[in-house]
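A note on names: the letters A, B, ... follow the listed sequences, proteins ahead of strands, and every chain is numbered from 1.
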Amino acid sequence: MKPELIKEVTYVPYSGNMAAAEAMRQINPDVVAAYPITPQTELMQFFADFVANGLVDTEYIPVESEHSAMSACVGAAAAGSRSMTATAGPGLAYMWEILGIASGMRLPITMTVVNRALSAPINIHGDQSDMMGARDQGWIMLFSENAEEQYDNLIQAIKIAEDERTRLPVMVGMDGFVISHAIERVRLLPDKAVEEFVGEPKVMYSLLDVDNPVTHGAVAMTDSYMEFKRQQRDAMEKAYKVIREVGEAFEEAFGKRYEHIETYKIDDADYVLIVIGSAAGTAKFVIDRMREKGDKVGLIKIRTYRPFPYYDVMDAIESSNCKAIGVFDRAETFGAVGGPLFSDIAAAMYLRGKSYPMIDFIYGLGGRDTNVNHIEEAIDKVKKLAAGEEVPLTNYLNLKE
Amino acid sequence: MAQVNASEVKIPPLKKLTNYPEKLAPGHRLCAGCGASIIIRQMFMVANALGYELVIANATGCVEVCTTIYPYTAWRSPWIHNAFENAASTIAGVEAAYKALKRKGKLPTDKKIKFVALGGDGGTYDIGFQALSGALERGHDFIYVCYDNEAYMNTGIQRSSATPKYANTTTQPVGKCSLGKPQHKKWMPEVAAAHGIPYVAQVSPSHWKDFFEKFKKALLTEGPSYVNAFCVCPRGWRSKEEEGMTIAKLAVETNYWPLFEVENGKWRITHRPRNPKPVAEFLRKQGRFKHLFKPGNEDRIEEIQREVDKRWDWLNKMEELTNREE
Amino acid sequence: MIEIRWHARGGQGAVTASKILASAVIREGKYAQSNPDYGAERSGAPLRTYNRVSEKPITLHCMVLNPDIVVVVDPTLLRSVPILEGTDENAVLVINTNKSPSEIREKLGIEGRKIYTVDATKIAMEELKRPLMNIPMLGALVKALNGIVDIKTVEEDIKKTFGKKVSEEILSANIKALYRAYEEVKSE
Amino acid sequence: MIKGWKDLPIGGVLPEPGTSEKYNTGEWRAWRPVFEKDKCVNCMICWVFCPDSCILVENEQMVGVDYDHCKGCGICAHECPTKALEMKPEYLFREED
């Protein structure tokens, strides 16, 4: 049995990778299969160290590729065990085929994605095109703003994935380098408390129950395939509620609230920014500064990306004094309007029969820095839009023109 | 579990084996005369006799498609299909889960369970090669069984790296400028053996006693085993359904499909045809080689014969080399 | 909030030193960040790494543009990289050099700004027998931070970071180098 | 036969083993192996080679063929050392619909 390392709430200087690895140690999964890839490598090194020193009971499979990492997780989950992995950018792309299999087979696998740009050109730095590229593969998707959120989200992800109403895999993204490799203050929970919070996995249709042999992954022809897809839609819809409930349970246990979205100074905001990931933190700083100058800017940070919290977003927008919206996309959708988040927000407006002026900012691709000045520049454009001036629909931030 | 001496474990006679339940139910939709289901049944015969439960990960392919068309399954053993190229990594995950759950006391300890990855030659020699190599190298406790019917039969007879030279396939068909596949078959069991795993065997269901002995050894082996099984495909080879086992026997008796094993690095030919027949006798039974029997192509058959002889010589040398008294 | 930018070369341990600083500040119950600016560079290539230190939570997740303090670990970078970039007259410079602050000011033509100098290379060679200037520079930086973090906490953090990886001898040499630089650093 | 989406087990799992038995592949058969008990020596060669698990054995005695599933490949008859199985055209046995 693994020893108990953390006995009380502790504040530590941790990188995102360290925080994610620590969460994995405390979750103590049955099986971890993973392949190193920058900027996730360090995370797996930390975890491998836990294995090497008997700090987890995990069966660790250092596979020969990400494709095999996810394949082994599928096998392990179908065998009734709790399985986890982690990857980044091209690694997630290489897993892509098996992502849909994991969700289609309704296997509650949990994965950290250290968000990284996709090739070409090859680039090891942060952006969210990896997860955005995988967004229709039936995984629940959470994004973290900082290292502590990654830790908290990963712990919650276990409960979200394994709930009988969902039985869906969950990926939790954090921005590569900016979060994965930066040291920040992180609040860690006691080992026991995490163990109690995640509880025992509920086993369904285990391959290891040889007295009740089950078949996983059968062929579904035209007469049944759609029914299983419809089930997945249903599970994803229910996941919306499950994520909220788990967030409430987390608050009850540990005093920190997690919802589908986080709002910042939204109530009286004239201008609304919508951001995913670490840039939301920078945006908060800028908002404070803008407010000192009298510009009422507010923020909606998306934590749950799939299932998309359409109503939460619209409730937040409508609770504000919104005159125009700036959506921040750290991924491209070549050939579509704006980035992926832009499309989701547009759909959210449609659901409410509303139409706020809105523009999109493509930022931070391949790790391009997005600093205070760039966000101020974006807010200026949103203000112009609100004032009825003509502003391009899609804008690149911090681009060499 | 201590290593069991295989020679002390006896497989009862066929009659006795009929007393165990069939783990591959009838009603699957493999072609009439398919060699794959014979291979699977023989695997279960041995597992039954030795008291093992098999947990199977099946690569995409004929067997996977035909045995589990929703809402039917032919399997009476735990079975999973994940994708085409990952049977080995899938079973690695299952095996890891078994170890972890057993260690945590969450599984009954009285069961003898063996993990099997099952794939055709496409899922083994080609697209699944990386996952297989990785799983063999990591030393998972499992048996990889390849039912080698020498082409992608599930999708309509496309060439694979297991397809023999001059076989007619739909992706390298015979034509005015082509005599079929231009390359010889990959020596897959030899490649598997090069991983230094404890047990590798090549088998044919036609030689079922040899098959039984080898599958028994694979079951008793701790760590990875690789079993390459000759799998007739009447549809893909354009051969007569009823002649499946006859063709399999000819494959062995011509040395086209040598029966051998590699046990802890020692190579051993397990069946030596007394008077090996010319490979042409094996080829003649199959429509996929029909063009070779047209006048003018005699040297092509000789070329195949030379490849057969070369591999046979090589195996003999390996046997001699690895069994030499130091 | 104080923002710090380090200039060093790959392999000199600047990233580690910046992590130790953040770590020590966090251990004292305050907030800090250490964020390296990773490239594909290897040993010897110029690199930058950043710190933020604050009494309040830090949400900024971007590079440091206008550092309050610039640390130059390798004196050969003084001319080759723009060490003053983004700084104003109130900035503090902590430089590894055998020269005095006024000599450096004159040599580089620096106006305004407070300059700290310390011969970290000499300290490193004497204590560690190798040109590892990161820990001495950290000692000098702690002095420049003027009480924001206790040198003793930094010492604890070095022990924690290096503890299992290096011998007792090397560890105490590092601690000695830390304190020497902390004491020997000069300012004007 | 396949239930609505709300009633199917999730993820396409088949919790019940060996249900293919309910599927009649005997329909596919053009040739039928006919068994003559008198000629049989119960060597079980037909049983070890049958691809469709269709050789019926009771108390270690070969008793016949599962015609609900036998696809009529003919391996059993071809390999039978005593000619206890013989392939005959299926139409001789099927009543016209």
Side-chain angles (χ1 to χ4, degrees), chain A residues 1 28-33 35 56-65 67-83 85 97-98 100-102 104-105 107 109 200-201 203 205-221 223-225 227-228, chain B residues 23 29 52-58 60 64-104 106-108 111-113 115 117 128 130-138 140:
Chain A
M1 269 308 273
N28 193 24
D30 298 311
V31 175
V32 167
Y35 187 75
V56 285
D57 303 311
T58 306
E59 198 59 39
Y60 164 56
I61 320 177
V63 280
E64 83 297 332
S65 71
H67 195 283
S68 281
M70 188 45 64
S71 300
C73 283
V74 164
S81 74
R82 186 176 271 162
S83 69
T85 184
E97 181 198 16
I98 314 303
I101 293 173
M105 289 170 81
L107 299 171
I109 298 160
E200 280 291 310
V203 178
Y205 308 121
S206 167
L207 278 174
L208 297 176
D209 182 2
V210 291
D211 297 327
N212 297 293
V214 290
T215 292
H216 277 270
V219 181
M221 300 295 246
D223 60 355
S224 57
Y225 181 85
E227 280 66 27
F228 295 118
Chain B
K23 293 284 177 70
R29 291 178 232 185
Y52 277 90
E53 297 285 353
L54 303 183
V55 176
I56 298 170
N58 202 161
T60 307
E64 168 268 321
V65 167
C66 297
T67 56
T68 63
I69 297 177
Y70 201 88
Y72 302 106
T73 176
W75 300 91
R76 292 186 181 125
S77 269
W79 183 95
I80 180 169
H81 162 247
N82 185 343
F84 194 178
E85 66 282 45
N86 62 2
S89 29
T90 305
I91 207 71
V94 179
E95 185 247 17
Y98 175 75
K99 279 195 206 154
L101 296 178
K102 196 137 187 177
R103 198 165 54 228
K104 291 181 181 179
K106 292 182 185 176
L107 285 175
K111 305 278 179 196
K112 281 208 284 189
I113 297 180
F115 300 94
Q130 172 185 301
L132 169 60
S133 179
L136 294 181
E137 183 269 331
R138 291 189 302 270
H140 296 280

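Here CD1 of B:Ile80 is found 11.5 Å from OG1 of B:Thr68. Values are rounded to the nearest 0.5 Å. Summarising the geometry, atom OG1 belonging to B:Thr90 is positioned 11.5 Å from atom CE belonging to A:Met70; distances are rounded to the nearest 0.5 Å. Distance check, rounded to the nearest 0.5 Å: CZ of B:Arg29 to OG1 of B:Thr67 gives 10.5 Å. The OH atom of B:Tyr98 sits 12.0 Å away from atom CD of A:Glu59, with the distance rounded to the nearest 0.5 Å. Here the CG-NZ distance, from B:Leu54 to B:Lys23, works out to 7.0 Å after rounding to the nearest 0.5 Å.
The side-chain heavy atoms of A:Val210 and B:Pro78, taken from C-beta on, include a pair separated by under 4.5 Å. A heavy-atom distance below 4.5 Å is not found between the side chains of B:His140 and B:Ile91. You'll find the side chain of A:Val63 reaches within 4.5 Å of the side chain of B:Arg138, heavy atoms only.
Only the backbone of B:Arg76 comes within less than 4.5 Å of a heavy atom in chain A; its side chain stays farther off. For A:Tyr35, no part lies near chain B; criterion is any non-hydrogen pair under 4.5 Å. Using a 4.5 Å cut-off between heavy atoms, B:Phe115 contacts chain A through its side chain alone, with no backbone atom that close. Both the backbone and the side chain of B:Gln130 come within contact range of chain A, each with at least one heavy atom under 4.5 Å from a heavy atom of that chain. Neither the backbone nor the side chain of A:Asn212 comes within contact range of chain B; no heavy atoms are under 4.5 Å apart. Proximity to chain B is limited to the backbone of A:Pro29, based on heavy atoms less than 4.5 angstrom apart. For a residue to count as touching a neighbouring chain, one of its non-hydrogen atoms must lie under 4.5 Å from one of that chain's; by this rule A:Ser206 does not touch chain B. With a 4.5 angstrom heavy-atom cutoff, A:Ser224 touches chain B only via side-chain atoms. Heavy-atom distances place the side chain of B:Leu107, and not its backbone, under 4.5 Å from chain A. For a residue to count as touching a neighbouring chain, one of its non-hydrogen atoms must lie under 4.5 Å from one of that chain's; by this rule A:Val214 touches chain B with the backbone only. Using a 4.5 Å cut-off between heavy atoms, B:Ala131 contacts chain A through both its backbone and its side chain. The part of B:Lys104 that comes within reach of chain A is its side chain, from C-beta onward, which places non-hydrogen atoms under 4.5 angstrom from that chain. Neither the backbone nor the side chain of B:Glu95 comes within contact range of chain A; no heavy atoms are under 4.5 Å apart.
Between chain B and the residues A:Met105, A:His67, A:Glu64, the most heavy-atom pairs under 4.5 angstrom are made by A:Glu64. In terms of heavy-atom pairs under 4.5 angstrom with chain A, the leader among B:Glu85, B:Lys111, B:Glu137 is B:Glu85. Residue with the most contacts toward chain B among A:Ala76, A:Ala69, A:Ser65, A:Ser71: A:Ser71 (heavy-atom pairs, distance under 4.5 Å). With chain B as partner, the option from A:Val31, A:Leu207, A:Ile98 having the largest number of non-hydrogen pairs under 4.5 angstrom is A:Leu207. In terms of non-hydrogen atom pairs under 4.5 Å with chain A, the most contact-rich of B:Ala83, B:Cys66, B:Ala92 is B:Ala83.
Between the side chain of A:Asn28 and the backbone N or O of A:Asp57 there is at least one donor-acceptor pair closer than 3.5 Å.
Taking 4.0 Å as the cut-off between side-chain N and carboxylate O, A:Glu200 and B:Lys106 count as a salt-bridged pair.
Partners of B:Asn58 by side chain to side chain donor-acceptor pair (under 3.5 Å), not counting sequence neighbours, listed by chain and number: B:Trp79.
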